[in-house]
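Comments concern the structure below.
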Amino acid sequence: QLQASGGGLVQAGGSLRLSCAASGNIFRVNGMGWYRQAPGKQRDMVAYISSRGNTNYSDSAKGRFTISRDSAKNTVYLQMNSLKAEDTGVYYCNGEIVTRKPGVTSTRQHWGQGTQVTVSS
């Protein structure tokens, strides 16, 4: 239900914009975030945005990356500037999606399929 896009190969100092759209039977999308997994390492949070627009960034992302969302489109974005080689990895989006059927409301965490970002030095 989450589809990420926008990754690619970029030189150090360049910029990329990632997008992630939620689709399906959605009643509401709560917090959304971006995570990075470098080769051989665990998946770490890069940026997070709440349903009210409050944001949180990893230390490495502060000042260079900006997370935003379009709630009408159930889409989250990550604008990445001044990219460094250590930003290389697979970027996954995450979202807490609320679905509603008659008498039943369900809330689940969903992950996108990941998009590769490679920064050459």
Side-chain angles (χ1 to χ4, degrees):
Q1 282 189 304
L2 290 176
Q3 182 72 36
S5 62
L9 173 65
V10 64
Q11 288 188 333
S15 298
L16 282 174
R17 188 190 193 212
L18 306 182
S19 300
C20 178
S23 62
N25 180 29
I26 297 171
F27 174 71
R28 185 179 66 246
V29 181
N30 293 334
M32 302 184 79
W34 288 96
Y35 293 72
R36 176 177 63 236
Q37 188 162 22
K41 296 190 176 181
Q42 67 181 21
R43 190 177 300 183
D44 293 324
M45 190 275 287
V46 175
Y48 171 86
I49 186 165
S50 73
S51 58
R52 295 186 177 186
N54 297 317
T55 58
N56 188 30
Y57 296 92
S58 66
D59 288 343
S60 64
K62 287 178 184 176
R64 299 187 299 126
F65 295 1
T66 301
I67 189 170
S68 61
R69 66 188 291 170
D70 184 335
S71 295
K73 296 181 179 179
N74 292 323
T75 300
V76 64
Y77 306 96
L78 185 67
Q79 177 67 44
M80 303 186 293
N81 299 327
S82 302
L83 282 161
K84 305 175 181 179
E86 50 263 43
D87 295 320
T88 294
V90 179
Y91 283 69
Y92 296 90
C93 61
N94 174 276
E96 185 177 83
I97 297 177
V98 181
T99 58
R100 179 173 285 185
K101 298 178 181 179
V104 180
T105 299
S106 299
T107 302
R108 279 186 55 200
Q109 293 284 341
H110 291 263
W111 289 94
Q113 84 284 10
T115 183
Q116 176 70 43
V117 172
T118 303
V119 184
S120 62
S121 57

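Everything numeric in this text was worked out from a predicted model, so none of it was measured. Only heavy atoms go into these numbers, but all of them, side chains included; no hydrogens, no water, no symmetry mates.
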Test item: side-chain donor near acceptor, S5 and Q3, under 3.5 Å: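 The answer is no; no qualifying pair exists.
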S51 and N30 side chains, donor-acceptor separation under 3.5 Å: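 Result is no, nothing qualifies.
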Atom CD of Q109 with >12 non-hydrogen neighbours under 6.0 angstrom: yes
Compare every heavy atom of [Y] with every heavy atom of [X], then report the nearest pair and how far apart it is.
{"X": "I49", "Y": "R69", "result": "O-NH1, 3.6 Å"}
{"X": "A38", "Y": "T88", "result": "CB-O, 3.9 Å"}
{"X": "S121", "Y": "A12", "result": "CA-CB, 4.2 Å"}
{"X": "D87", "Y": "S82", "result": "OD2-O, 4.4 Å"}
{"X": "I67", "Y": "Y57", "result": "N-OH, 2.9 Å"}
{"X": "W34", "Y": "S19", "result": "CH2-O, 3.5 Å"}

Heavy-atom side-chain proximity of [X] to [Y] below 4.5 angstrom:
{"X": "L2", "Y": "I97", "value": "yes"}
{"X": "V10", "Y": "M80", "value": "no"}
{"X": "Y48", "Y": "N54", "value": "no"}
{"X": "R108", "Y": "Q1", "value": "no"}
{"X": "F65", "Y": "S58", "value": "no"}
{"X": "T99", "Y": "F27", "value": "no"}
{"X": "D70", "Y": "Y77", "value": "yes"}

Sidechain N-carboxylate O distance under 4.0 Å for D59, K62: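 Result for this pair is yes, salt bridge flagged.
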With distance as the sole test, does [X] use its side chain to make a donor-acceptor pair with the main-chain N or O of [Y] at under 3.5 Å?
{"X": "Q37", "Y": "G89", "answer": "no"}
{"X": "T105", "Y": "R100", "answer": "no"}
{"X": "R43", "Y": "V90", "answer": "no"}
{"X": "R28", "Y": "V98", "answer": "no"}

With the 4.5 Å side-chain cut-off for hydrophobic clustering, are [X] and [Y] part of the same group?
{"X": "V119", "Y": "Y91", "answer": "yes"}
{"X": "V29", "Y": "Y35", "answer": "no"}
{"X": "L18", "Y": "M45", "answer": "no"}

Sole residue of D44, V117, V46 in side-chain contact (heavy atoms from CB on, under 4.5 Å) with R36: V46
Gap separating the OG1 atom of T115 from the CG atom of L16, nearest 0.5 angstrom: 8.5 Å
Reported CG-to-CE distance for the pair L78 and M32, which is rounded to 0.5 angstrom: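 Nearest 0.5 Å value for the CG-CE distance: 12.0 Å.
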Q79 vs S15, side-chain contact (heavy atoms from CB on, under 4.5 Å): CA-CA, chis, key distance, verdict: CA-CA 7 Å; Q79 177 67 44; S15 298; 3.9 Å; yes
